[in-house]
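All ligand and atom numbering here is 1-based and tracks the order in the structure.
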Amino acid sequence: VCVAARKIKMSLESFSTDLAATPFSLYLQSTDWIIPTVQTIHILSIAVVISAVLMVHLHTLDIVMRTQPDAAIAKRFIPWLWVALVVLLLTGSLLVTAEPGRSLTNSVFQLKMALVIAASVLTLLYQQPLRANPDFWRKNGGRRLSAISISVVSLAVWVCIVFAGRWIAYNIGV
Ligand code: HEM
């Protein structure tokens with residue numbers, strides 16, 4: 001396992017070096033306004049994702065908009081989450097391309113990517129059943145408990161993603 005992990009680390013390091021030497025990466029590195037602009041779009045998209053997440057999951061926990069059905073809230077807010085996530089993926093990829101050595105080999109960045117996948121799976125798990133059955137998560141006690149669990153875990157995972165995003169800058173976990 002240790003040998004395999006070292007091999008992956010080495011190939012990530014050489015991939016980072018190659019990527020940083022590509023004309024596109026060099027262009028990003030040498031054009032002053034691009035990275036701050038991309039970072040700003042990344043941060044605005046984080047605001048959209050977190051707003052949607054709060055609406056959906058605080059509603060499931062009966063904290064906001066209690067008179068609205070789950071399906072209506074999901075239909076209204078989850079599409080925003082997916083659109084913003086695509087923007088995050090695009091802007092995040094540009095940030096990686098500009099400084100691959102800072103992110104790809106950083107274990108906090110790797111953790112962040114794993115958490116983004118986990119949060120996306122949880123969102124799909126919550127969203128899918130509501131399409132066919134708008135009352136799915138409130139049909140019985142077991143489902144209610146599942147929905148509450150998904151919401152609590154999702155909120156925690158999204159918060160960890162934001163922490164990880166900020167922590168990458170300090171090379172913690174390299
Ligand atoms: C989906 C793919 C994503 C990729 C590839 C990505 C990649 C990155 C990269 C490379 C950075 C710059 C880190 C640095 O060098 O300091 C960054 C910053 C950050 N990301 Fe992401 N990210 C993604 C999604 C997300 C999501 C979903 C969130 C949270 C909801 C998020 C939150 C953050 C935060 C808070 C920062 C710090 C921003 C700053 O202080 O300027 N990212 N991201």
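- With respect to atom 15 (O) of ligand 1, the closest heavy atom belonging to the protein is Arg102 NE, 2.4 Å.
- Without hydrogens or angle criteria, Thr22 side chain to Asp18 main chain gives no donor-acceptor distance under 3.5 Å.
- Shown are the protein N/O/S atoms under 2.8 Å from atom 21 (Fe) of ligand 1, given by residue and atom: His42 NE2, Lys112 NZ.
- Polar contact with ligand 1: present for Arg166 (N/O pair, distance under 3.5 Å).
- When the side-chain hydrogen bond (donor to acceptor under 3.5 Å, both in side chains) test is applied to Gln39, no partner is found at least two apart in sequence or on another chain.
- Counting non-hydrogen atoms of other residues, nucleotides and ligands closer than 6.0 Å to CG of Asp62 gives a total above 12.
- Of the protein's heavy atoms, Ile43 CD1, 3.8 Å lies nearest to atom 41 (O) of ligand 1.
- Taking both residues in full, the closest heavy atoms of Val48 and Trp80 are given as CG1-O, 3.9 Å, listed atom of the first, atom of the second, then distance.
- Every atom of ligand 1 with a heavy atom of Leu89 under 4.0 Å away is listed here by number and element: 1 (C), 2 (C).
- Annotation: Arg144, atom CZ; neighbour count of heavy atoms from other residues, nucleotides and ligands within 6.0 Å is above 12.
- The ligand atoms of ligand 1 that sit less than 4.0 angstrom from a heavy atom of Leu85 are 27 (C).
- Scored by the side chain to side chain contact (heavy atoms under 4.5 Å, CB included) test, Thr97 finds Leu19, Phe24, Ser25, Leu28 as partners (sequence neighbours excluded).
- Judged by distance alone, with hydrogens and angles left aside, the side-chain atoms of His57 form no donor-acceptor pair with the main-chain N or O of Ser154 at under 3.5 Å.
- Residue Met10 qualifies as open at atom CE: its count of foreign heavy atoms under 6.0 Å is 12 or below.
- Ranking the protein heavy atoms by distance from atom 4 (C) of ligand 1 puts Met113 CE, 3.4 Å first.
- Applying the under-4.5 Å side-chain rule to Ile, Leu, Val, Met, Phe, Trp and Tyr, the cluster around Val86 extends to Leu90.
- Per-residue contacts place Ala169 under 4.0 angstrom from the following atoms of ligand 1 (heavy atoms of the residue considered): 16 (O).
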